[in-house]
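Everything on this sheet refers to the single structure shown next.
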Amino acid sequence: MESVHIAHVGEYIGQEVKVHGWLYNKRSSGAVLFLIVRDGTGFIQAVMAKGQVPDKDFAACDRLTQESSLVVRGTVRADRRAPGGYEITVTGVEPVSVAEEYPISLKEHGVDFLMDHRHLWLRTPRQVAIMRVRNEIVKAIRDFLDEREFVLVDAPILTPSACEGTTTLFETDYFDAKAYLTQSGQLYMEAAAMALGKVYCFGPTFRAEKSKTRRHLTEFWMVEPEMAWVDLDGDMGLQEDMVSYVVQRVLQRRAKELAALERDTSKLEKVRPPFPRISYDEAVETLRRHGVEFEWGNDFGGGDETILAEEFDRPVFVHGYPTACKAFYMKPDPDRPEVCLSADLLAPEGYGEIVGGGQRIDDPELLARRIEEHKLPAEAYKWYMDLRRYGSVPHSGFGLGIERTVAWICELEHVRETIPFARLLNRIYP
RNA sequence: UCCCUGGUAGCUCAAUGGUAGAGCGGCCGGCUGUUAACCGGUAGGUUGCAGGUUCGAGUCCUGCCCAGGGAGCCA
């Protein structure tokens, strides 16, 4: 008898199969027992009638609790009444482990309770759908970059100093010296781009900021491509191609999951290049037109980003930010040094900044001056300066936040559901 | 760090300053097609913690703790 995953039972109509899974729910009508079984690939109802299986088996199943593990044997049958289209007529059931009283019911729960039980919450249909979409997004990014001949170069997680020196870092002890958890692999990617041309890193990043919003995690994942010989324009071109590719791939391959999440896919269909590009100056004008009192030189807040994004039906680039409010390595616009060759990509529907990127300073003198102006330890950035001393070239890159992208594509309220085990300001359990 | 809201049964919630309750889950029983099944019964409480006001506090006051939402912060 063949063991099958629920997602594939449709290929076994009329055959007797084995399904290994967990009891999601159970209903009974006296002499008929309905077992709703899940195995991670799907859900299926197994129907068991008294008299058609040994009484001992029937009684044992009647006692099974929610989330008990079991092996069901039975014949696959197409049934219009079944939500998935198929049912199993049980010929035998082997309980594996009877679960204790399960904390998560099929009724509503509060966020705090669910987060405390994240290890079990992950088993519910909605969370399973989100994890599958996340997986598809990650795979699509890797496939896209691979097709374009980017090389995956892993950046270190333990770093000797801040990449930008400003934001708060998680400090750790490194054999009696201080080390920090990385907040970006970018500087290392710049080194790698000078070796390999087109590279990217993909890994966790850590920010010890006390941010308490639906868009922030203290530990999150970023993909950071970096390209030698590419300017800001080429950088934005790659971003719109990549984001469009990812969205279309998810629409194509995860339609079932998006439907389970009740995602309005018509809005995602529109995500195709080219994306609109507006300058920081135009963005400020737009905000003022909407009645926002905005001073030139400030960075945008969450509400500002939403107003800007709502002007368009696809993600929008905002480029040419004031040099003063961006990182030290951003290349100033040669025609207008008060703004820099940077660009943020704002997702539609209020999801805010999903990408930040730009062209890096390639002039050694200017970079040295910036490091000094930002009061960064020159010694720690000696290797970074070397990249400009030995064959400097124009180069650009960006960082895309995985969780914000997942939240947007899945249309979620909060990024805490986009990562298996979220790390938040007040949460490091489970 | 600041502002707002909340904390009552395992969970989700109700209770005019006057006997702490319901639904779900648990347990016991019933039902041969249930779809978050349904029906009957039953157990289940230091009302976040510490003070205070009052004849009487889940309810009002003060402090603290925790959570949620937002702000700030944030490639």
Side-chain angles (χ1 to χ4, degrees), chain A residues 24-36 43-52 58 62-63 65-67 77 79-84 87 89 99-117 120-121 124-125 162-169 183-187 189 205-218 220 222 224 226 235 239 298-305 318 321 325-330 340 342-346 352-360 396-401 404 413-414 416 424-427:
Chain A
Y24 177 67
N25 194 13
K26 181 183 72 181
R27 289 183 281 265
S28 151
S29 185
V32 185
L33 206 54
F34 302 94
L35 306 173
I36 294 90
F43 294 74
I44 195 162
Q45 177 162 271
V47 186
M48 198 179 197
K50 206 167 194 168
Q52 288 172 9
F58 191 89
D62 203 21
R63 280 194 302 273
T65 51
Q66 189 188 353
E67 287 301 318
R77 186 164 46 72
D79 193 313
R80 246 175 304 149
R81 292 168 295 189
E87 277 192 352
T89 303
E100 292 175 32
E101 190 181 332
Y102 196 63
I104 299 183
S105 73
L106 303 180
K107 299 278 179 177
E108 273 178 53
H109 293 285
V111 172
D112 189 37
F113 176 82
L114 288 170
M115 287 303 285
D116 276 341
H117 296 83
L120 302 176
W121 187 23
T124 58
C163 288
E164 292 164 26
T166 50
T167 52
T168 325
L169 299 173
Q183 60 173 347
S184 167
Q186 182 206 307
L187 270 47
M189 288 309 101
T205 47
F206 307 86
R207 307 259 169 111
E209 288 137 13
K210 302 207 168 180
S211 299
K212 219 184 133 177
T213 81
R214 67 184 65 185
R215 303 185 307 278
H216 288 88
L217 296 165
T218 54
F220 63 98
M222 271 209 294
E224 295 175 277
E226 192 73 29
D235 194 27
Q239 291 176 42
N298 288 343
D299 208 347
F300 302 122
D304 303 329
E305 289 180 351
V318 180
Y321 277 81
C325 73
K326 285 288 175 188
F328 75 94
Y329 49 70
M330 285 293 187
C340 59
S342 69
D344 286 357
L345 183 64
L346 308 181
E353 181 186 342
I354 55 170
V355 179
Q359 194 168 336
R360 326 303 187 187
S396 305
F398 63 90
L400 176 140
R404 287 185 182 181
E413 279 294 305
H414 200 296
R416 65 186 158 218
L424 299 156
L425 179 54
N426 293 318
R427 178 172 295 280

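Every chain is numbered from 1 and lettered A, B, ... according to where its sequence line falls, protein lines coming before strand lines.
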Atom [atom1], compared across [N] and [M]: separation rounded to whole Å:
N: B/C66; M: B/G48; atom1: P; answer: 16 Å
N: B/C55; M: B/U8; atom1: C1'; answer: 25 Å
N: B/C31; M: B/C49; atom1: C1'; answer: 48 Å
N: B/U1; M: B/A57; atom1: C1'; answer: 34 Å
N: B/G44; M: B/C27; atom1: C1'; answer: 11 Å
N: B/U5; M: B/U19; atom1: P; answer: 28 Å
N: B/C3; M: B/C39; atom1: P; answer: 48 Å
N: B/A67; M: B/U12; atom1: C1'; answer: 16 Å

Between B/G69 and A/R416, is there an OP1 or OP2 to side-chain N/O distance shorter than 4.0 Å? yes

Who does [N] pair with, Watson-Crick or G-U, both distances under 3.5 Å?
N: B/C55; value: B/G18
N: B/U47; value: none
N: B/C2; value: B/G70
N: B/C27; value: B/G41

Does [X] make a side-chain donor-acceptor contact with the base of [N], cut-off 3.5 Å?
X: A/H109; N: B/C11; answer: no
X: A/S105; N: B/C11; answer: no
X: A/S28; N: B/C31; answer: yes
X: A/E87; N: B/G33; answer: yes

Counting the atoms with a prime plus P, OP1 and OP2 as sugar-phosphate, which does [X] contact under 4.0 Å by heavy atoms, base, sugar-phosphate, or nothing?
X: A/M222; answer: base
X: A/G110; answer: sugar-phosphate
X: A/D299; answer: nothing
X: A/E353; answer: sugar-phosphate
X: A/H117; answer: nothing
X: A/E224; answer: base
X: A/F34; answer: base

Side chain to side chain contact (heavy atoms under 4.5 Å, CB included) evaluation trace for A/W121 with A/M115: CA-CA 8 Å; A/W121 187 23; A/M115 287 303 285; 3.6 Å; yes

Look at the side chain of [X] and decide which nucleotide, out of [options], has an atom nearest to it.
X: A/D79; options: B/G33, B/A36, B/C11; value: B/G33
X: A/N426; options: B/C74, B/A67, B/A71; value: B/A67
X: A/N25; options: B/A67, B/A36, B/G26; value: B/A36
X: A/K107; options: B/G68, B/C73, B/C24; value: B/C24
X: A/H216; options: B/G26, B/C74, B/G68; value: B/C74
X: A/Q45; options: B/G26, B/G72, B/G33; value: B/G33
X: A/S29; options: B/G33, B/A71, B/A36; value: B/G33

How many Å lie between [atom1] on [X] and [atom2] on [N], as a whole number?
X: A/N298; N: B/A71; atom1: CG; atom2: C1'; answer: 15 Å
X: A/E108; N: B/G10; atom1: CD; atom2: P; answer: 19 Å
X: A/E209; N: B/U1; atom1: CD; atom2: P; answer: 16 Å
X: A/D62; N: B/C31; atom1: CG; atom2: C1'; answer: 12 Å
X: A/D112; N: B/C65; atom1: CG; atom2: P; answer: 17 Å
X: A/L120; N: B/G10; atom1: CG; atom2: P; answer: 18 Å
X: A/I36; N: B/A36; atom1: CD1; atom2: P; answer: 9 Å
X: A/K210; N: B/A71; atom1: NZ; atom2: C1'; answer: 16 Å

Parallel under 30°, tilted from 30 to 60°, perpendicular over 60°: which one fits the rings of A/F113 and A/H109? parallel

Please name the pair of heavy atoms, one in [X] and one in [Y], separated by the smallest distance, quoted to 0.1 Å.
X: A/E305; Y: A/G352; answer: OE1-CA, 3.3 Å
X: A/E209; Y: A/T218; answer: O-CG2, 4.4 Å
X: A/L345; Y: A/Q239; answer: CB-OE1, 4.1 Å

Ranking A/Q66 and A/E413 by the position along RNA chain B of their nearest nucleotide, the one closer to 5' is A/Q66

5'-most contact on RNA chain B: A/V47 or A/R27, nearest heavy atom basis? A/V47

Steps toward side chain to side chain contact (heavy atoms under 4.5 Å, CB included) verdict (A/L169, A/F206): CA-CA 7 Å; A/L169 299 173; A/F206 307 86; over 6 Å; no

Might you work through the side chain to side chain contact (heavy atoms under 4.5 Å, CB included) test for A/R404 and A/H216, ending with a clear yes or no? CA-CA 9 Å; A/R404 287 185 182 181; A/H216 288 88; 3.6 Å; yes

Apply the test side chain to side chain contact (heavy atoms under 4.5 Å, CB included) to residues A/T65 and A/Y102: give CA-CA distance (whole Å), side-chain angles for both, the deciding distance (0.1 Å), then the verdict. CA-CA 8 Å; A/T65 51; A/Y102 196 63; over 6 Å; no

I'd like to know if A/K326 pairs up with A/D344 as an ion pair, taking the criterion as any Lys NZ or Arg NE/NH1/NH2 lying under 4.0 Å from an Asp or Glu carboxylate oxygen. yes

